[in-house]
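So the structure is just underneath, and the comments pick up after that.
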Amino acid sequence: MPTIFSKIISGELPSDIVYRDDLVTAFRDINPLAPTHILIVPNKEIATVNDLTDDDERIAGRLFLAARRIAEQEGIAQDGYRLIVNCNRDGGQEVYHLHMHLLGGRPIGPMVVRH
Ligand code: AMP
């Protein structure tokens, strides 16, 4: 079964795609938590950070390079932004297709809420 993000990447599900290359695709989060909230997703299905292998080094690097380009494109590079990757239950991961959140357009606030 393809993941929901694979269906977005293949065009089977609608989305607002802002960037695409041979390794990653980026689209706007359906439930944005900031004026800019974009998900950067490997085109290949990798479930979590735990599932990355040495062969995925270019993909892992490309997530950051795509984030840099998209931040420029969105006009938030200078003011700044936050990149988040959640892993498994304690990380709060909901979609098991590796993705990097790019959040900006306002001060994003404390890194982690203290409990
Ligand atoms: P995470 O908790 O890191 O797994 O984040 C999953 C993110 O995917 C959430 O911020 C959701 O709002 C987002 N999301 C889920 N379904 C879609 C969709 N169809 N299009 C865009 N974003 C989605």
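The first residue in the sequence is number 1, and the count goes up from there. Both counts, for ligands and for their atoms, begin at 1 and track the order of listing. Keep in mind the model is a prediction, meaning the values are calculated, not measured.
- Put simply, the side chain of D56 reaches to within 4.5 Å of the side chain of I46, judged on heavy atoms.
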Determine, stepwise, if the pair R28 / E74 fulfils salt bridge (Lys or Arg N to Asp or Glu O under 4.0 Å). CA-CA 11 Å; R28 293 191 192 282; E74 292 285 310; 2.8 Å; yes
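- Residues R106 and D79 are not paired through a salt bridge, judged by the lack of any N-O separation under 4.0 Å between the basic side chain and the carboxylate.
- Taking the side chain as every heavy atom from C-beta outward, I8 and F27 approach each other to under 4.5 Å.
- Residue nearest to atom 11 (C) of ligand 1, selected from N31, T3, D29: D29 (by heavy-atom distance).
- Below 4.0 Å from some heavy atom of E94 lie the following atoms of ligand 1, by number and element: 1 (P), 2 (O), 4 (O).
- Between H97 and F5, the two ring planes are tilted [angle within 30° to 60°].
- Applying the 4.0 Å criterion to heavy atoms of L39 picks out, from ligand 1, the atoms 8 (O), 13 (C), 22 (N).
- Defined by atom type and a distance below 3.5 Å, a donor-acceptor pair is missing between the side-chain atoms of T48 and N88.
- Within ligand 1, the atoms closer than 4.0 Å to a non-hydrogen atom of F5 are 8 (O), numbered from 1 in the order shown.
- Residues A26 and I70 share a closest heavy-atom pair of CB-CD1, 3.4 Å.
- Near N86, meaning under 4.0 Å from one of its heavy atoms, ligand 1 places the atoms 1 (P), 2 (O), 3 (O).
- When atom types are taken as modelled, the side chain of Q78 and the backbone of E72 share no donor-acceptor pair closer than 3.5 angstrom.
- Between I30 and ligand 1, a contact under 3.5 Å exists for at least one N or O pair.
- For Q93, no nitrogen or oxygen atom sits less than 3.5 Å from a nitrogen or oxygen atom of ligand 1, counting backbone and side chain alike.
- Nearest non-hydrogen protein atom to atom 2 (O) of ligand 1 is G92 O, 3.0 Å.
- At a heavy-atom cutoff of 4.0 Å, ligand 1 is contacted by the side chain of I8 but not by its backbone.
- In this structure, the side chain of R20 engages the main chain of I9 through a donor-acceptor pair within 3.5 Å.
- The side chain to side chain contact (heavy atoms under 4.5 Å, CB included) test with M100 is passed by exactly one of N86, I84, L63: L63.
- By the criterion of a heavy-atom distance under 4.0 Å, neither the backbone nor the side chain of Y96 is placed next to ligand 1.
- At a 4.0 Å heavy-atom cut-off, ligand 1 touches R28 through the backbone alone.
- When non-hydrogen atoms are compared, ligand 1 lies under 4.0 Å from neither the backbone nor the side chain of L33.
- Listed by number with element, the atoms of ligand 1 under 4.0 Å from a non-hydrogen atom of V95 are 4 (O), 6 (C).
- Among all protein heavy atoms, the one lying closest to atom 1 (P) of ligand 1 is H99 NE2, 3.1 Å.
- Contact between S15 and ligand 1 is absent, with no heavy atom of the residue lying under 4.0 Å from the ligand.
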